[in-house]
2 protein chains.
Amino acid sequence: MDKRRTEKNDETSAKERPTLKTLAFMTGLGVTTVSRALKDAPEIGAETRRRVQLVAKQIGYRPNRAGVRLRTGKTNVISLVLNTEQEIMSFVSDIIYGVSEVIADTPYHLIVTPYSRSQDPLDPIRYLVETGSADGVIISRTQPNDARARYMLERGIPFATHGRTEMGLVHPYHDFDNYAFAAEAVRSLAGNGRRRLALLSPPVGLTYHSHTVNGFADALSEVGASEIPFSTVSIDHSIERIRTRTAQLMRRDIRPDGFVSSAAAATLALVAGIEDAGLKLGRDVDIVSKQSSDLLHLFRPELLIVNENFRLAGSELARAVLGWIGGAAPGSLQSLSVPGEVLAYRRSDGSS
Amino acid sequence: MDKRRTEKNDETSAKERPTLKTLAFMTGLGVTTVSRALKDAPEIGAETRRRVQLVAKQIGYRPNRAGVRLRTGKTNVISLVLNTEQEIMSFVSDIIYGVSEVIADTPYHLIVTPYSRSQDPLDPIRYLVETGSADGVIISRTQPNDARARYMLERGIPFATHGRTEMGLVHPYHDFDNYAFAAEAVRSLAGNGRRRLALLSPPVGLTYHSHTVNGFADALSEVGASEIPFSTVSIDHSIERIRTRTAQLMRRDIRPDGFVSSAAAATLALVAGIEDAGLKLGRDVDIVSKQSSDLLHLFRPELLIVNENFRLAGSELARAVLGWIGGAAPGSLQSLSVPGEVLAYRRSDGSS
DNA sequence: TTGGCAATCTGTAACGTTTCAGTATATTGC
DNA sequence: GCAATATACTGAAACGTTACAGATTGCCAA
């Protein structure tokens with residue numbers, strides 16, 4: 001049955017949530033006028049406008065989201081689409097906080113739309129678009145030819161990608177410059193006298209895999225070092241697998257004396273594998289690793305570290321989507337984060 | 001202006017999203033009948049019901065959330081309320097996935113409602129309740145006398161807490177048995193011959209702080225070991241602070257030979273502090289630590305580890321809220337997760 | 001005075017759904 | 001044969017909002 005209201009409505013000082021009708025009654029104006037006064041429409045008298053806004057603030061009026069959404073189609077929702085198995089753990093937490101920071105003083109809510117490894121990554125996007133569940137979407141694990149980006153571009157729904165695409169289509173993105181990261185990492189290792197380098201790369205298929213590989217390769221030839229192939233694993237693989245493969249690699253005659261690693265958790269496995277093979281970090285081998293939370297230096301002070309700020313990524317992505325929703329040109333909403341210096345907490349010569 | 005539809009509506013095979021009206025037109029029935037047929041109302045003929053449901057499935061009908069929400073007040077939203085600074089990182093990621101798993105085949109969406117350290121934790125709850133933004137709420141960092149739980153209980157909005165309260169009020173919760181954890185940890189340390197134990201505890205004020213402290217204290221007297229107070233830090237403090245305080249502590253004449261730590265990141269700092277003081281894990285001191293992702297053993301194989309599964313917590317909490325929304329008794333929606341064994345990857349005597 | 005025109009304000013309809021209060025038809029009881 | 005009663009369906013109203021198409025007023029030019 002209907003939720004019982006007190007008689008006809010209004011004027012009873014019921015504890016109900018105020019609506020435009022309530023405001024209209026209180027100000028003696030029409031609902032339409034109130035609606036327009038609240039959004040600073042031009043054809044409302046200055047005094048009326050102020051009066052309405054004052055009353056609205058006083059009684060704590062909040063527009064009903066369902067009403068707005070039904071009438072206008074605007075959801076005031078940003079959806080963050082995440083893979084429930086393969087995202088980097090700190091990524092999830094930090095990006096959420098980054099997005100939250102930006103949307104905190106907007107009417108937007110953040111909904112998390114998960115999909116699992118077995119699913120087509122397009123599934124959650126289709127769902128969102130078909131049901132009109134969000135005004136904007138943020139996706140990660142971006143591919144050079146990304147079906148999701150293409151799909152959303154076709155339907156005209158604003159989105160931003162974490163990572164770039166290579167489809168010749170323009171859309172907002174935020175990316176970390178993994179080319180620069182890998183290149184700097186190689187230079188840093190070369191500076192430590194390392195000559196045979198291996199790369200623990202991002203998973204094949206994602207755009208930043210090739211960025212990383214290219215930065216690695218280019219800097220390799222620049223410094224005249226050589227590559228020890230290590231493409232049987234990526235940072236997406238399990239800790240155990242990375243560890244055993246690393247140990248295998250390190251027991252070969254020709255083994256790396258330097259690693260570049262694209263993720264902190266993978267680096268733990270890398271180090272474990274190296275030590276399984278009886279070798280020592282900082283003496284037999286150096287590692288430059290990305291990290292997103294400041295913990296790796298506690299793990300092994302010999303690690304060389306480059307920070308990637310996922311909270312910043314979240315903020316940038318949120319700003320980008322909101323910008324697009326607000327009508328800005330998608331091409332103006334792209335940003336690239338430049339890696340900082342390679343940080344050494346303890347030099348491999350033993351000093352601190 | 002109004003979103004232009006093709007003429008009057010319907011029968012044009014427009015690419016618009018199907019509504020009840022569309023279904024009504026296609027089946028030749030009234031909107032009301034269609035609505036009821038879809039939700040298996042009793043007064044609809046069996047054949048009609050099947051016919052409507054078939055057509056609905058065929059054309060991919062999805063009820064409009066805004067319509068439902070406006071009419072019924074049901075949002076089909078669960079809100080996860082998180083502190084943007086103080087949550088354990090893996091907690092955020094895992095609990096989201098746990099919740100997602102459970103709500104995946106329901107109409108529910110998950111929204112993340114953040115609040116910052118400086119804010120009153122009640123703020124986001126008030127917002128949710130006042131704006132009717134969610135059918136159910138999940139909160140963490142639960143306190144013995146929790147204003148948020150009390151508030152929601154008063155307003156009759158379904159929620160579940162991660163951690164228990166002690167207000168004599170009954171509500172759904174999921175909790176890890178931190179009393180058992182701390183007690184088992186102490187027994188395990190005592191079994192390794194450790195006699196002077198310190199506790200790196202959860203932050204004072206949260207319910208599980210006292211659970212942990214009590215388990216620690218009770219087991220201490222049970223095994224006849226003594227406590228070295230270490231209450232100047234908790235796992236909420238910064239890595240740096242924990243590290244320096246630990247180092248200070250370990251340089252005292254009377255120092256612990258065993259630690260119980262309630263969080264993995266804090267354990268990293270703990271170990272760093274111990275090693276800063278020139279002591280060695282497994283020889284001078286043992287640590288039993290909780291962890292939520294399987295990484296600590298890579299950090300130091302000497303660590304003694306107890307796992308806490310946050311994904312499970314997320315699932316249980318989601319189940320609890322949904323259960324309450326569905327009309328189950330709040331008292332029947334409480335669960336306690338029992339810690340597993342203390343895991344040793346390498347015995348402190350040096351064997352593996 | 002009249003007509004025109006800004007400047008303000010207002011009622012109605014519509015978004016998609018569910019609930020209420022029916023209506024129409026067939027079935028039953030007597 | 002007729003009323004009572006199930007059974008199966010339906011239109012209208014309402015949730016809160018905004019867009020459209022007026023209303024009403026005052027003021028100014030002619």
Side-chain angles (χ1 to χ4, degrees), chain A residues 1-10 14 16-25 27-52 56 59 61-76 107 130-133, chain B residues 1-10 14 16-25 27-52 56 59 61-76 107 130-133:
Chain A
M1 69 214 86
D2 263 349
K3 270 191 304 182
R4 287 246 133 237
R5 310 200 118 216
T6 34
E7 286 311 305
K8 208 67 184 162
N9 196 3
D10 286 318
E16 301 282 343
R17 188 145 91 94
T19 70
L20 287 182
K21 205 149 130 195
T22 320
L23 283 180
F25 178 78
T27 55
L29 296 165
V31 182
T32 303
T33 311
V34 173
S35 173
R36 316 189 89 166
L38 287 177
K39 45 174 59 69
D40 289 318
E43 63 265 78
I44 301 295
E47 191 197 312
T48 306
R49 200 204 321 281
R50 267 181 298 127
R51 200 157 62 85
V52 170
I59 66 174
Y61 167 77
R62 306 267 202 164
N64 180 304
R65 313 191 112 232
V68 175
R69 180 164 171 178
L70 182 57
R71 177 65 238 241
T72 65
K74 180 132 216 279
T75 62
N76 283 312
E130 281 170 10
T131 61
S133 288
Chain B
M1 66 214 89
D2 263 350
K3 271 192 303 182
R4 287 245 133 237
R5 309 200 119 216
T6 33
E7 285 313 303
K8 208 66 186 160
N9 196 4
D10 287 319
E16 300 282 342
R17 188 145 91 95
T19 71
L20 287 182
K21 207 149 127 194
T22 320
L23 283 179
F25 177 77
T27 55
L29 296 164
V31 181
T32 304
T33 310
V34 173
S35 172
R36 315 186 90 164
L38 287 177
K39 47 175 57 66
D40 290 316
E43 62 266 78
I44 300 295
E47 191 198 314
T48 306
R49 198 203 323 281
R50 268 181 297 126
R51 201 157 61 86
V52 170
I59 68 173
Y61 168 76
R62 308 268 203 163
N64 180 305
R65 313 190 113 233
V68 174
R69 181 164 169 179
L70 182 57
R71 176 65 234 240
T72 64
K74 181 134 214 278
T75 62
N76 284 310
E130 282 171 9
T131 61
S133 288

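Order of the sequence lines fixes the chain letters, A, B, ..., with proteins taken first and strands second; residue numbering starts at 1 for each chain.
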- Query: A:Glu16 CD to D:dA14 C1': how many Å, rounded?
  - Reply: 14 Å

- Item | Those residues that, when tested against A:Arg65, pass side-chain hydrogen bond (donor to acceptor under 3.5 Å, both in side chains) (two or more places apart) | A:His109

- Message: Tell me the interatomic distance from B:Arg17, atom CZ, to C:dG16, atom P, rounded to whole angstroms.
- Response: 8 Å

- For A:Leu29 and C:dG11, what is the distance between atoms CG and P respectively, to the nearest whole Å? 10 Å

- For the pair made of CZ in A:Phe25 and P in C:dC9, what is the distance, rounded to whole Å? 19 Å

- Please lay out, stage by stage, how A:Glu16 and A:Thr22 fare under the test side chain to side chain contact (heavy atoms under 4.5 Å, CB included). CA-CA 10 Å; A:Glu16 301 282 343; A:Thr22 320; over 6 Å; no

For residues 34-48 of chain B, which side-chain N or O atoms pair as donor and acceptor with protein atoms under 3.5 Å away, sequence neighbours left out?
unit_1  : atom_1 : unit_2  : atom_2 : d
B:Arg36 : NH2    : B:Glu43 : OE2    : 3.0
B:Asp40 : OD1    : B:Gln53 : NE2    : 3.0

- Atom of B:Val68, atom of B:Pro63 and distance for their closest heavy-atom approach: CG2-CB, 4.4 Å

- Item | Spacing of A:Arg71 atom CZ relative to D:dA19 atom P, expressed in whole Å | 6 Å

- Message: I want to check one thing: is the phosphate of D:dT18, taken as OP1 and OP2, less than 4.0 Å away from some side-chain N or O of A:Ser35?
- Response: yes

- Query: Considering residues at least two apart in sequence or located in another chain, which fulfil the side-chain hydrogen bond (donor to acceptor under 3.5 Å, both in side chains) criterion with A:Thr75?
  - Reply: A:Asp135

- Can you check whether B:Lys39 has a side-chain N or O nearer than 4.0 Å to OP1 or OP2 of C:dT18? yes

- Kindly say if B:Thr33 contacts the phosphate of D:dT10, meaning a side-chain N or O under 4.0 Å from OP1 or OP2. yes

- Atom pair distance, as rounded to whole Å: CG in B:Asn76 and P in C:dG16: 18 Å

- Message: Can a donor-acceptor pair be found, under 3.5 Å and without considering hydrogens, that links the side chain of A:Arg17 to the backbone of A:Arg62?
- Response: yes

- Query: Which atom pair, heavy atoms only, marks the closest approach of A:Gly30 to A:Ala24?
  - Reply: C-CB, 3.9 Å

- Nearest of D:dT18, C:dT17, D:dC9 to any side-chain atom of A:Val68? D:dT18

- Hits for side-chain hydrogen bond (donor to acceptor under 3.5 Å, both in side chains) against B:Asn64, two or more places apart or cross-chain, chain-then-number order -> none

- Message: Using the rule given for side chain to side chain contact (heavy atoms under 4.5 Å, CB included), can you reason through B:Leu23 versus B:Ile59, listing the C-alpha separation, both sets of side-chain angles and the distance that settles it, and then say yes or no?
- Response: CA-CA 9 Å; B:Leu23 283 179; B:Ile59 68 173; 3.5 Å; yes

- Message: At 4.0 Å (heavy atoms only), tell me whether B:Gly28 reaches a base, stays on the sugar-phosphate, or touches nothing.
- Response: sugar-phosphate

- Nucleotide nearest A:Pro63 (side chain, heavy atoms from C-beta), chosen from D:dT17, D:dT18, C:dT17: D:dT17

N/O to N/O distances under 3.5 Å, protein versus nucleotides 21-28 of chain C:
none

- Among the candidates D:dC9, D:dC15, D:dG16, find the nucleotide nearest to the side-chain atoms of A:Lys21. D:dC15

- Task: May I ask you to say what B:Gly67 touches in the nucleic acid, namely base, sugar-phosphate or nothing, with a heavy-atom cut-off under 4.0 Å?
- Result: base

- Note on the structure: To the nearest angstrom, the CG-C1' distance between A:Leu38 and C:dC9 comes to 15 Å

- Rounded to the Å, how far apart are B:Leu20 CG and C:dA14 P? 17 Å

- Task: With sequence neighbours left out, write down each residue that passes side-chain hydrogen bond (donor to acceptor under 3.5 Å, both in side chains) with B:Ser133, or none if nothing qualifies.
- Result: B:Thr131

- Message: Near DNA chain D, counting only heavy atoms under 4.0 Å, which residues of residues 40-50 of chain A show up?
- Response: none

